[in-house]
Amino acid sequence: MSQNENNIQPNIKESSSHSGERHWGTVEVIEEGESYRISRVEIKPRHGIKPQIHYHRNEHWVVVSGVAKVTCGEKEILLNRNESTFVPAATLHKVDNPGQIPLVILEIQNGEYLGEDDIERPLELNVVKPVPENKAV
């Protein structure tokens, strides 16, 4: 083996623009390549990620701990530890943590384009209208 072959290491990201704190929890990019990204996503109890759509990537979510309430298209499911789901490109999706402990998910994104500008949040675009609150008369 040459000296270069001995020094090959996986493309593990120590810092990525995708990593960081969010109001609902944290995202830590574990590894990233040209057409994939593997992240550890932690969602605080009683918090969630807003509905969103990606057009150029699919996502796989694996629950490491906690319970995930996943909405993918018209389907809503609860996922427990060691369970997973697939989110196809161009599908409205969201994940919530209905539990009392942090939800930890391994997220694998795979696609032709992984840029943050491929994310649309329909609530912000007024595609999905929030349900009005009932007001007492």
Is there a path of hydrophobic side-chain contacts, each under 4.5 Å between heavy atoms, that joins [X] and [Y]?
X: Ile49; Y: Val27; answer: yes
X: Leu103; Y: Val87; answer: yes
X: Val41; Y: Val64; answer: no
X: Ile105; Y: Leu79; answer: yes

Hey, what do you get for [atom1] ([X]) to [atom2] ([Y]), rounding to the nearest 0.5 Å?
X: Ser65; Y: Asn80; atom1: OG; atom2: CG; result: 11.5 Å
X: Leu114; Y: His54; atom1: CG; atom2: NE2; result: 10.0 Å
X: Ser39; Y: Leu106; atom1: OG; atom2: CG; result: 9.0 Å
X: Leu78; Y: Thr85; atom1: CG; atom2: OG1; result: 11.5 Å

Evaluation steps, side chain to side chain contact (heavy atoms under 4.5 Å, CB included), between Arg40 and Glu42:
CA-CA 7 Å; Arg40 179 189 183 274; Glu42 184 170 321; 3.0 Å; yes

State, to 0.1 Å, how close [X] and [Y] come at their nearest heavy-atom pair, and which atoms those are.
X: Ala89; Y: Asn58; result: N-OD1, 2.8 Å
X: Asn97; Y: Ile43; result: ND2-O, 3.0 Å
X: Thr91; Y: Gly73; result: CG2-N, 3.5 Å
X: Ala68; Y: Val95; result: CB-CG2, 3.9 Å

With heavy-atom distances below 4.5 Å as the criterion, would you say the side chains of Gln52 and Asp118 are in contact?
no

A side-chain contact here means heavy atoms from C-beta on lying under 4.5 Å apart; do Pro122 and Leu92 qualify?
yes

Please identify each residue that fulfils ring pair (Phe, Tyr, Trp, His ring centres under 6.0 Å) with Trp24, with sequence neighbours left out.
none

Please evaluate residues Val70 and His93 with respect to the criterion side chain to side chain contact (heavy atoms under 4.5 Å, CB included), reporting the C-alpha separation (whole Å), side-chain torsions for both, the decisive distance (0.1 Å), and the verdict.
CA-CA 7 Å; Val70 175; His93 62 280; 5.9 Å; no

Pairwise side chain to side chain donor-acceptor pair (under 3.5 Å) hits with a residue in residues 99-113, at least two apart:
Arg37-Gln109, Glu59-Gln109, Trp61-Glu107, Glu107-Gln109, Tyr113-Asp117

Hey, is the main chain of Gly20 close enough, under 3.5 Å, to the side chain of Arg22 for a donor-acceptor pair?
yes

Backbone N/O of Gly99 and side chain of Lys69: donor-acceptor pair under 3.5 Å
no

Given side chain to side chain contact (heavy atoms under 4.5 Å, CB included), test Ile108 with Glu31 step by step and report yes or no.
CA-CA 10 Å; Ile108 298 95; Glu31 186 174 332; over 6 Å; no

Just wondering, more than 12 heavy atoms not from Lys94 lying within 6.0 Å of its NZ?
no

Could you please spell out the steps behind the side chain to side chain contact (heavy atoms under 4.5 Å, CB included) verdict for Glu76 and Thr71?
CA-CA 4 Å; Glu76 184 175 286; Thr71 304; 3.6 Å; yes

